[in-house]
Amino acid sequence: MAMAMRLSAIARAATEMAAAPVGLRRLFCSNATNFSFLSPQANSETPARPQADPSTNLFVSGLSKRTTSEGLRTAFAQFGEVADAKVVTDRVSGYSKGFGFVRYATLEDSAKGIAGMDGKFLDGWVIFAEYARPREPYRPQNNMPPSPYGNRY
DNA sequence: ACTGAGCGG
């Protein structure tokens with residue numbers, strides 16, 4: 001019965017993990033976050049699943065701050081055709097924010113990119129690759145006129 | 001400048 005209590009504690013912990021926000025699930029990698037076999041109702045009960053729908057665009061987090069867009073592209077290009085790769089940097093300091101985006105040419109490639117890179121090491125850090133959520137709609141922060149240096153939209 | 005969760009300009 002002590003055993004039964006231990007097992008239920010484990011099941012409870014696993015259930016909490018499955019319902020935990022992305023930040024906590026990051027302790028593992030996104031490949032190992034499906035614990036629905038321990039909480040069958042979690043599927044219909046989970047309000048908004050944190051995972052985004054499949055996309056050619058990947059959100060990559062956990063990056064070393066020394067990883068560049070070029071390094072990101074090189075790593076992910078092993079698994080498919082990379083159309084674009086970008087490490088997000090602070091605009092004033094120029095330093096990496098530790099995450100970035102990789103856009104593949106096809107959905108097949110982006111799936112292979114996740115399988116190949118999620119939970120792997122890059123420049124000494126375990127990185128996480130997942131489908132990116134749809135990009136934020138563009139809106140100028142102030143009421144500044146459009147920049148002459150190139151608005152891409 | 002360090003920052004270790006996060007979804008970009």
Side-chain angles (χ1 to χ4, degrees), chain A residues 10 12-36 38-39 42-153:
Chain A
I10 292 171
R12 200 181 323 120
T15 301
E16 289 168 2
M17 279 163 44
V22 177
L24 292 179
R25 289 188 292 102
R26 279 174 41 85
L27 289 173
F28 312 87
C29 71
S30 59
N31 285 335
T33 53
N34 189 356
F35 295 96
S36 58
L38 287 173
S39 51
N43 287 331
S44 56
E45 206 172 300
T46 304
R49 67 186 179 295
Q51 264 84 17
D53 293 332
S55 160
T56 56
N57 198 31
L58 301 186
F59 173 65
V60 184
S61 58
L63 294 175
S64 164
K65 295 194 175 178
R66 306 189 323 194
T67 297
T68 63
S69 295
E70 292 71 28
L72 193 63
R73 167 185 285 272
T74 301
F76 279 76
Q78 304 173 96
F79 304 98
E81 181 186 342
V82 175
D84 187 55
K86 179 175 163 208
V87 169
V88 174
T89 56
D90 184 82
R91 276 184 70 180
V92 301
S93 73
Y95 288 127
S96 166
K97 290 186 172 180
F99 65 89
F101 296 89
V102 174
R103 183 174 291 282
Y104 278 100
T106 67
L107 284 171
E108 290 77 14
D109 285 355
S110 66
K112 288 192 287 185
I114 291 179
M117 289 303 296
D118 184 44
K120 300 298 171 58
F121 279 88
L122 180 58
D123 293 332
W125 286 74
V126 176
I127 70 169
F128 300 88
E130 60 193 298
Y131 293 120
R133 303 203 285 263
R135 188 156 77 265
E136 248 181 33
Y138 166 75
R139 46 171 158 272
Q141 46 272 64
N142 315 332
N143 42 11
M144 299 293 287
S147 166
Y149 298 105
N151 266 322
R152 290 175 299 169
Y153 301 90

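Per chain, numbering begins at 1; letters A, B, ... match sequence-line order.
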Using a cut-off of 4.0 Å on non-hydrogen atoms, how would the nucleic acid contact of A:Thr89 be classed: base, sugar-phosphate, or nothing?
sugar-phosphate
A:Phe99 ring over B:dG6 six-membered base ring, under 5.5 Å and 30°:
no
Rounded to whole Å, CG of A:Leu63 lies from P of B:dG6 at a distance of 15 Å
Picking from B:dG4, B:dC7, B:dG8, the nucleotide nearest the side-chain atoms of A:Lys65 would be B:dG4
Separation of B:dG8 atom P from A:Tyr131 atom OH, nearest Å, is 20 Å
Using only modelled atom types and a 3.5 angstrom limit, is any donor from either the side chain of A:Asn57 or the base of B:dG8 paired with an acceptor on the other? yes
In whole angstroms, the gap separating P of B:dG6 from OH of A:Tyr95 amounts to 25 Å
Whole-Å distance, A:Phe121 CZ to B:dG4 P, equals 18 Å
Rounded to whole Å, CG of A:Leu58 lies from C1' of B:dG6 at a distance of 16 Å
Does A:Arg103 offer a backbone N or O that forms a donor-acceptor pair with the side chain of A:Asp84 under 3.5 Å?
-> no
* Is there a donor-acceptor contact under 3.5 Å from the side chain of A:Ser110 to the main chain of A:Ser55? -> yes
Margin query: In the structure I gave you, are the side-chain heavy atoms of A:Val102 and A:Arg73 within less than 4.5 Å of one another anywhere?
Written below: no
DNA chain B nearest-nucleotide lookup for A:Phe101 and A:Ser64: closer to the 5′ end is A:Ser64
Kindly say whether A:Phe76 contributes a backbone atom to a donor-acceptor pair with the side chain of A:Tyr104 at under 3.5 angstrom?
yes
The residue, A:Pro134 or A:Trp125, whose nearest nucleotide of DNA chain B is more 5′ is A:Trp125
Here the distance between atom P of B:dG6 and atom CD of A:Gln51, to the nearest Å, is 13 Å
note: A:Arg103, atom CZ; B:dG8, atom P; distance rounded to Å ~ 14 Å
Heavy-atom donor-acceptor pair, A:Ser96 side chain to A:Arg66 backbone, under 3.5 Å
no
Of the candidates B:dG8, B:dG4, B:dC7, the side chain of A:Glu136 sits closest to B:dG8
Rounded to whole Å, the CG-P distance (A:Asp90 to B:dT3) equals 15 Å
